Amino acid sequence: MTNHTVNPAVEALVARSNRLGADPRNTNYAGGNTSAKGVEKDPVTGQDVELLWVKGSGGDLGTLTEKGLAVLRLDRLRALQDVYPGVEREDEMVAAFDYCLHGKGGAAPSIDTAMHGLVDAAHVDHLHPDAGIAIATAVDGPELTAKIFGGKVVWVPWRRPGFQLGLDIAAIKAQHPEAIGTVLGGHGITAWGDTSEEAERNSLWIIETAAAYIDANGEPEPFGPALAGYEPLPVEERRAKAAALAPHLRAVASFDNPQVGHYTDSDVVLEFLAREAHPRLAELGTSCPDHFLRTKVKPLVVDLPATASVEEIVERLPRLHEAYRADYTAYYERGAAEARARGEEPPAMRGADPAIVLVPGVGMFSYGGDKQTARVAGEFYVNAINVMRGAEALSTYRPIDESEKFRIEYWALEEAKLKRRPRPKPLATRVAFVTGAASGIGRAIAERLASEGACVVVADLDAEKAQGVAAEIGTTDVALGVAANVADEAAVQAALREAVLAFGGVDIVVNNAGLSLSKSLFDTTEADWDLQHDVMAKGSFLVSKNAARILVDQKLGGDIVYISSKNSVFAGPNNIAYSATKADQAHQVRLLAAELGEHGVKVNGINPDGVVRGSGIFASGWGANRAKTYGIPEEDLGKFYAQRTLLKREVLPEHVANAVYALCTSDFSHTTGLHVPVDAGVAQAFLR
């Protein structure tokens with residue numbers, strides 16, 4: 001078998017794509033597509049065959065690799081023109097791309113494949129730059145295109161992406177040999193070149209020329225005068241307000257389907273919300289399909305000044321949410337009626353809650369089925385604000401018609417793409433806050449919950465270790481490390497605030513932080529007693545109390561899990577302070593289960609025993625003391641504990657993590673107030 005050799009055209013395409021995708025001024029995450037045409041040997045005939053390599057559906061230019069390219073035979077793709085049934089049936093052409101694939105074909109071809117294959121140029125770029133879309137969404141976009149670019153760039157009236165748009169751009173390229181690209185009305189830009197370098201140069205020229213023209217000729221205050229009382233709040237004040245509002249806003253965004261959140265207080269957002277035009281422009285919604293597919297057609301805007309209190313905003317939210325849902329439902333029903341008039345049956349409405357919530361003086365909250373989706377939605381709305389600014393600076397912003405937005409949002413092809421997504425993991429959309437998670441049992445819990453789809457906050461007294469563990473678990477879209485001294489309520493509140501600002505809220509709370517000193521009654525000092533009770537009894541209380549407020553405000557239910565101990569029900573020698581505080585934790589489980597049940601919050605406990613390997617408690621001296629108590633070498637402690645169990649098995653941190661995970665799944669949806677022994681069977685600790 002010979003080694004795979006990368007075609008030079010592919011090498012140039014990937015490098016160009018990565019450069020273009022690395023700059024948010026050129027395009028947004030997973031937005032746009034690029035292509036190259038070239039020649040390879042057909043392995044069947046041995047003859048040269050012309051191929052098209054184009055970014056596959058759903059890929060991202062900035063991180064594109066060869067594997068992310070769709071590979072098609074150019075002769076077969078161009079031959080589709082002869083069987084094209086017309087614009088009313090153009091969606092059928094996407095399935096026809098499968099018959100044009102070369103070999104296994106690589107990634108799935110996108111809807112824009114025709115544009116790249118039919119345009120008579122070796123290299124084609126289709127991008128969504130803010131400056132380009134600003135021209136594309138201006139009321140006088142055609143005139144501005146001619147004025148800014150001369151004959152080098154041609155205006156294309158709005159048309160949905162698809163085969164017909166590919167034919168239109170191919171015709172423009174043929175009719176305007178002097179042109180290097182187009183502005184696609186309401187959408188973006190397309191550029192081309194005989195070489196990869198020329199295509200990239202032409203793309204950048206269009207983007208930079210548009211941006212320079214807006215800077216030189218645009219109104220200095222395109223969003224109008226400042227609104228009194230809508231100025232950005234000071235950083236600390238606005239972040240505190242954002243954290244207080246976040247659970248309530250997540251409840252709004254998750255009414256139909258649970259969502260993960262992301263908070264942004266960038267200058268772009270705060271400046272937009274501080275200006276007179278923001279209600280009008282927000283109501284018009286976004287235009288570029290890549291934007292509104294992620295942000296919905298428009299955001300929910302809190303119509304109160306920055307000076308409004310948290311309580312005032314919370315009181316106002318139900319009415320704003322009700323109005324938003326009614327408006328979106330009406331939009332869906334209008335679009336569905338039009339679709340049925342065309343003989344089409346649209347997909348069911350996917351939910352009427354906002355994906356973007358704007359709060360003057362505070363910032364933007366964006367939502368999605370996972371953290372990355374939520375974050376990217378926010379990034380796209382920042383792009384949309386930049387587009388509005390450019391269009392308003394030169395002209396008047398006018399997005400594509402509502403009916404066209406609906407046709408794309410509820411496009412059968414878009415629905416098919418959504419259905420191809422992998423099934424969500426069991427804990428997808430849930431945010432877990434685990435204390436004492438930088439080592440031992442806590443780390444195992446954090447790792448397990450993250451592996452099952454949860455976003456995880458690794459909270460620990462040692463912030464550096466917490467951040468290190470979080471980095472090992474995953475990116476900041478998956479895990480966050482925070483400092484948390486659970487015995488200090490202000491520190492607990494600060495840690496939870498970071499969690500809420502990072503992920504929108506908290507759903508799973510694991511009280512795992514702990515320590516132990518193995519001493520007899522007479523050797524146990526008041527300081528020993530206070531330390532263990534401060535960390536475990538008081539610490540669990542403080543974490544549960546402050547987290548429970550978030551859980552209640554979110555209206556999503558949730559789980560609080562206490563990592564208690566076999567010693568909470570079993571009396572052994574030389575650990576009075578530890579066992580007493582574990583008994584305290586065990587009864588907190590029952591008390592909170594009784595109090596929080598009406599809010600759908602389940603509270604359960606885990607009673608581990610003999611977790612030696614990987615345990616921070618045992619490594620800190622507890623193991624040596626217990627081994628001395630039992631008269632065995634410390635290295636044999638795990639084996640000793642295993643032999644005294646009914647199952648004769650050693651208990652490891654991951655076994656405790658398994659139990660935590662199980663309690664937080666839907667399999668235990670009707671279980672609260674339970675203590676689960678994870679001790680391999682200690683009869684003396686059986687619950688009675």
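When reading the values below, keep in mind they use all heavy atoms of this one structure, side chains included, and skip hydrogens, waters and symmetry mates. Here the structure is a predicted model, which is why all the values come from computation and not from measurement.
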Practice item. May I have the step-by-step check of side-chain contact (heavy atoms from CB on, under 4.5 Å) for E198 and I180, ending in yes or no? Key: CA-CA 9 Å; E198 184 180 25; I180 64 168; over 6 Å; no
**Study point:** Sole residue of V87, V156, I111 in side chain to side chain contact (heavy atoms under 4.5 Å, CB included) with L165
**Key:** V156
Would you indicate whether [X], at its atom [atom1], is surrounded by more than 12 heavy atoms from other residues, nucleotides or ligands within a distance under 6.0 Å?
X: E219; atom1: CD; result: no
X: E88; atom1: CD; result: no
X: R25; atom1: CZ; result: no

Is any side-chain N of the basic residue among [X] and [Y] closer than 4.0 Å to the acidic one's carboxylate O?
X: E143; Y: K147; answer: no
X: D60; Y: K55; answer: no
X: E236; Y: R239; answer: no

For [Y], is there any backbone N or O sitting under 3.5 Å from a side-chain donor or acceptor partner on [X]?
X: H128; Y: C288; value: no
X: H278; Y: L273; value: yes
X: T475; Y: D477; value: yes
X: N26; Y: L20; value: yes
X: S395; Y: A138; value: no
X: R250; Y: Q259; value: yes
X: K37; Y: A121; value: yes
X: T113; Y: P109; value: no
X: R294; Y: D290; value: yes
X: S110; Y: D112; value: yes

Point to revise | Distance-only side-chain donor-acceptor flag, W158 / D401, under 3.5 Å | key: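 Their side chains do not contain a donor-acceptor pair, so the 3.5 Å distance test is not met.
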Output side-chain donor-acceptor pairs under 3.5 Å for residues 349-364, partner residues at least two apart or in another chain, one line each.
from, atom 1, to, atom 2, distance (Å)
R350, NE, E415, OE1, 3.0
R350, NH1, E409, O, 2.8
R350, NH2, E409, O, 3.0
R350, NH2, E415, OE1, 2.8
D353, OD1, H321, NE2, 2.8
D353, OD1, R325, NH1, 2.6
D353, OD2, F255, N, 3.1
D353, OD2, D256, N, 2.7

With rounding to the nearest 0.5 angstrom, report the [atom1] to [atom2] distance, [X] to [Y].
X: L13; Y: L64; atom1: CG; atom2: CG; answer: 6.5 Å
X: T295; Y: F380; atom1: OG1; atom2: CZ; answer: 9.0 Å
X: D140; Y: T396; atom1: CG; atom2: OG1; answer: 7.5 Å
X: L118; Y: K173; atom1: CG; atom2: NZ; answer: 13.0 Å
X: L144; Y: Y213; atom1: CG; atom2: OH; answer: 6.0 Å
X: E312; Y: R316; atom1: CD; atom2: CZ; answer: 11.5 Å

Review point. Between F97 and L80, is a side-chain contact (heavy atoms from CB on, under 4.5 Å) present by the stated rule, with each step listed?
Key: CA-CA 9 Å; F97 293 154; L80 291 179; 3.9 Å; yes
Could you tell me which non-hydrogen atom of [X] sits nearest to which non-hydrogen atom of [Y], and how far apart they are?
X: V260; Y: G369; answer: CG2-O, 4.3 Å
X: V119; Y: W192; answer: CG1-CE3, 4.1 Å
X: A107; Y: G68; answer: CB-O, 3.6 Å
X: L127; Y: S203; answer: CD1-CB, 3.9 Å
X: A242; Y: L501; answer: CB-CD2, 3.7 Å
X: C455; Y: K371; answer: SG-CB, 4.0 Å

Check your understanding: Between Y410 and Y332, does the ring centre distance come in under 6.0 Å?
Key ->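 Judged by ring-centre distance (under 6.0 Å), Y410 and Y332 do meet the cut-off.
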Check your understanding: Ring centroid separation for H123 and H116, is it under 6.0 angstrom?
Key ->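 That pair fails the under 6.0 Å test.
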Is any side-chain heavy atom of [Y] closer than 4.5 Å to one of [X]?
X: S287; Y: V387; answer: no
X: P142; Y: T145; answer: no
X: T307; Y: E231; answer: no
X: S366; Y: R375; answer: no
X: P299; Y: Y381; answer: yes
X: Y324; Y: K296; answer: yes
X: T209; Y: F149; answer: yes
X: T429; Y: L556; answer: no

Check your understanding: How are the rings of Y328 and Y331 set to each other: parallel, tilted or perpendicular (split at 30° and 60°)?
Key ->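 Aromatic pair Y328/Y331 classed tilted.
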Mind jotting down which residue pairs meet the salt bridge (Lys or Arg N to Asp or Glu O under 4.0 Å) criterion with at least one end in [range]? Sequence neighbours excluded, please.
range: residues 380-398; answer: R280-E392
range: residues 331-340; answer: R334-E402, R340-E345
range: residues 264-276; answer: E221-R275, R238-D265, E271-R275

Exercise for review: Any chance you could lay out the side-chain hydrogen bond (donor to acceptor under 3.5 Å, both in side chains) test for D125 and T34, step after step, and finish with the verdict?
Suggested key: CA-CA 4 Å; D125 296 334; T34 51; 5.0 Å; no
**Study point:** Partner residues of Q164 under the side-chain hydrogen bond (donor to acceptor under 3.5 Å, both in side chains) criterion, sequence neighbours left out
**Key:**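 So Q164 forms a side-chain hydrogen bond (donor to acceptor under 3.5 Å, both in side chains) with Y84, D168.
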Point to revise | side-chain hydrogen bond (donor to acceptor under 3.5 Å, both in side chains) partners of K298, counting only residues at least two apart | key: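 side-chain hydrogen bond (donor to acceptor under 3.5 Å, both in side chains) list for K298, sorted by chain: E283, D327.
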Review point. Can you check side-chain contact (heavy atoms from CB on, under 4.5 Å) on L77 and L52, steps first, answer last?
Key: CA-CA 9 Å; L77 180 61; L52 170 72; 3.6 Å; yes
Review point. Step by step, would you call I408 with E404 a side-chain contact (heavy atoms from CB on, under 4.5 Å)?
Key: CA-CA 6 Å; I408 289 178; E404 287 299 307; 5.7 Å; no
